[in-house]
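Read through the structure below, which is laid out as structure tokens, and then see the notes.
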Amino acid sequence: MEKRKAIEQLWQECFGDSETFVRFYFDRKYRDEDALLYEQDGKPTAAFLMLPYTIAWKGQSLKSAYISGACTQANARNQGIMGRLLQRGFQEMAKRGTELSFLIPAEEWLYGYYGKSGYTTVFYRQEEVWEDQTGQNEEAGETAIYTHAGEVPLEEIFPYFEKKLAERDCYVCHPREDFQTILGDLFLSGGKLFVIRREHICGMALAVQEEKGCKVKEICYDMPEDKEKLLHAVAVCWKNRRVVFRGREDKKGMPYGMARLIRVPEALETFARCYPSAEFAVEVEDRLLPGNNGVFYLREGHCTGTGHAVPQKMDVCELTQYLLTYQGICPYMNLMID
């Protein structure tokens with residue numbers, strides 16, 4: 001069976017997504033070289049995609065891979081298959097020069113499961129509730145509403161989205177093509193794009209109507225009043241006074257995603273460029289990627305193999321947590337079509 005078709009079949013069996021969504025997602029995101037498939041007795045048994053992304057980090061770039069659609073056939077679970085497939089994925093990512101892997105656990109218990117493979121929680125999300133006090137019948141005002149990808153003026157909207165993301169210290173980047181896929185998924189699920197434009201764009205929101213009410217998946221704005229106008233427009237559009245939206249990221253929110261270092265020396269060098277004044281030594285232990293084991297010294301914006309400081313011992317999970325949350329940073333990830 002063709003590799004893509006086998007993984008699509010496994011995906012639908014495990015996640016129950018519609019054929020329309022699976023075809024859309026695989027048409028936009030799938031490449032054979034980014035997919036790992038495990039077969040047992042000639043049948044597709046477990047799989048995941050390693051989608052290439054860049055994480056922007058204090059003006060530097062971290063070459064990363066997002067683990068998407070990790071799944072195992074129901075009657076083959078609890079046999080260690082996914083753990084072995086993940087290790088194979090780590091080795092493949094390391095060959096490609098990938099510095100970091102990240103993922104979104106589909107269920108709460110999976111945080112512990114992925115933790116055994118060296119992942120640690122570094123991404124959080126906080127949902128807030130906004131209630132419209134102005135009345136549902138009022139007009140949405142100057143907010144434009146888009147419902148189809150073809151009508152979206154990407155030449156204006158995408159640069160604004162990029163600019164607002166760049167206000168953060170550490171975040172998962174979405175290139176233009178990926179942003180188009182995000183919008184396609186939004187519209188496929190009946191969602192809408194809300195945009196405030198005066199002389200230029202000053203606010204945007206991606207929202208959907210769910211069983212429990214309106215949900216804003218992403219909101220960007222210049223002024224607090226623009227935020228209010230966007231949320232009001234969402235409430236008016238779906239005649240619902242209650243709107244749930246994603247607030248600013250911090251550790252007070254719910255765990256959302258995990259990360260794992262893949263190439264420790266390169267990641268430490270990137271970290272050293274981000275924080276040139278940081279000076280410390282670390283002895284790293286990684287039982288799944290022995291190439292990461294060793295003692296590393298950071299000083300004057302570089303990572304070296306020699307130094308005089310006494311190294312602090314860390315496993316790869318502890319080091320990932322230490323680097324990505326250094327000085328209280330909370331990395332931002334959103335719109336991963338999870």
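Computation of the quantities below employed the complete heavy-atom set of this structure, encompassing side-chain atoms and omitting hydrogens, waters and symmetry-equivalent molecules.
The nearest pair of heavy atoms linking Leu230 to Phe194 is CD2-O, 3.7 Å. Heavy atoms only, all atoms of each residue included: Leu186 and Lys192 are closest at CD2-O, 3.5 Å. Closest approach of Ala259 and Leu100 over heavy atoms only: CB-CD1, 4.0 Å. Of all heavy-atom pairs spanning Thr270 and Glu99, the tightest one is OG1-OE1, 2.8 Å. When all heavy atoms are compared, the tightest approach of Tyr114 to Ala70 is OH-CB, 3.6 Å. Pairing each heavy atom of Gly257 with each of Met333, the nearest pair is CA-CE, 3.8 Å.
A salt bridge links Glu92 with Arg96: the distance from a Lys NZ or Arg NE/NH1/NH2 to an Asp or Glu carboxylate oxygen falls below 4.0 Å. A salt bridge links Lys164 with Glu167: at least one charged nitrogen is closer than 4.0 Å to a carboxylate oxygen. Electrostatic pairing of Asp178 and Lys29 counts as a salt bridge here, judged by a charged N lying under 4.0 Å from a carboxylate O. Remark: Asp27 engages Arg4 in a salt bridge, criterion side-chain N to carboxylate O under 4.0 Å. With respect to the salt-bridge test (charged N to carboxylate O, under 4.0 angstrom), the residues Lys212 and Glu210 do not qualify.
Classified by interplanar angle (parallel below 30°, tilted 30° to 60°, perpendicular above 60°), the ring pair Phe271/Tyr326 is perpendicular. Ring geometry for Trp11 versus Phe15: interplanar angle over 60°, hence perpendicular rather than tilted (30 to 60°). Taking the six-membered ring where tryptophan is involved, the planes of Phe21 and Tyr25 are essentially parallel, since the angle between them stays under 30° and well short of 60°. Taking the six-membered ring for Trp and thresholds of 30 and 60 degrees, Phe102 and Phe123 have ring planes inclined between 30 and 60 degrees apart.
Counting heavy atoms of neighbouring residues, nucleotides and ligands inside a 6.0 Å radius, atom CD of Glu33 exceeds 12 of them. By the 6.0 Å contact criterion, CG on Asn78 is open, its count of non-hydrogen atoms from other residues, nucleotides or ligands being 12 or less. Heavy-atom contacts from other residues, nucleotides or ligands closer than 6.0 Å to CD of Glu225 number more than 12. Summarising the local packing, NZ of Lys163 is surrounded by more than 12 heavy atoms from other residues, nucleotides or ligands at distances under 6.0 Å. Shown here is Glu300, whose CD atom has no more than 12 heavy atoms of other residues, nucleotides or ligands within 6.0 Å. More than 12 heavy atoms of other residues, nucleotides or ligands sit less than 6.0 Å from atom CD of Glu155. No more than 12 heavy atoms of other residues, nucleotides or ligands sit less than 6.0 Å from atom CZ of Arg242.
For Arg88 and Tyr38, the positive end is not near the middle of the six-membered ring at less than 6.0 Å and at most 45° from its axis.
Under the 4.5 Å side-chain heavy-atom criterion for grouping Ile, Leu, Val, Met, Phe, Trp and Tyr, Tyr146 is connected to Phe161 within one hydrophobic cluster.
With hydrogens and angles ignored, the 3.5 Å screen pairs a side-chain donor or acceptor of Thr320 with a backbone N or O of Leu261. Checking side-chain atoms of Lys3 against main-chain N and O of Leu37 turns up no donor-acceptor pair under 3.5 Å. A side-chain donor-acceptor contact under 3.5 Å links Gln321 to the backbone of Thr121.
The shortest distance between side-chain heavy atoms of Glu8 and Tyr30 does not fall below 4.5 Å.
Inspection of the Ser101 and Tyr119 side chains reveals an N or O donor paired with an N or O acceptor under 3.5 Å. In summary, the side chains of Tyr171 and Asp169 do not present any donor paired with an acceptor at a separation below 3.5 Å, with no hydrogens or angles considered.
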Chi angles and distances behind the salt bridge (Lys or Arg N to Asp or Glu O under 4.0 Å) call for Arg197, Glu156 = CA-CA 10 Å; Arg197 182 192 292 106; Glu156 296 179 75; 3.1 Å; yes
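Less than 6.0 angstrom separates the ring centroid of Phe280 from the ring centroid of Tyr322.
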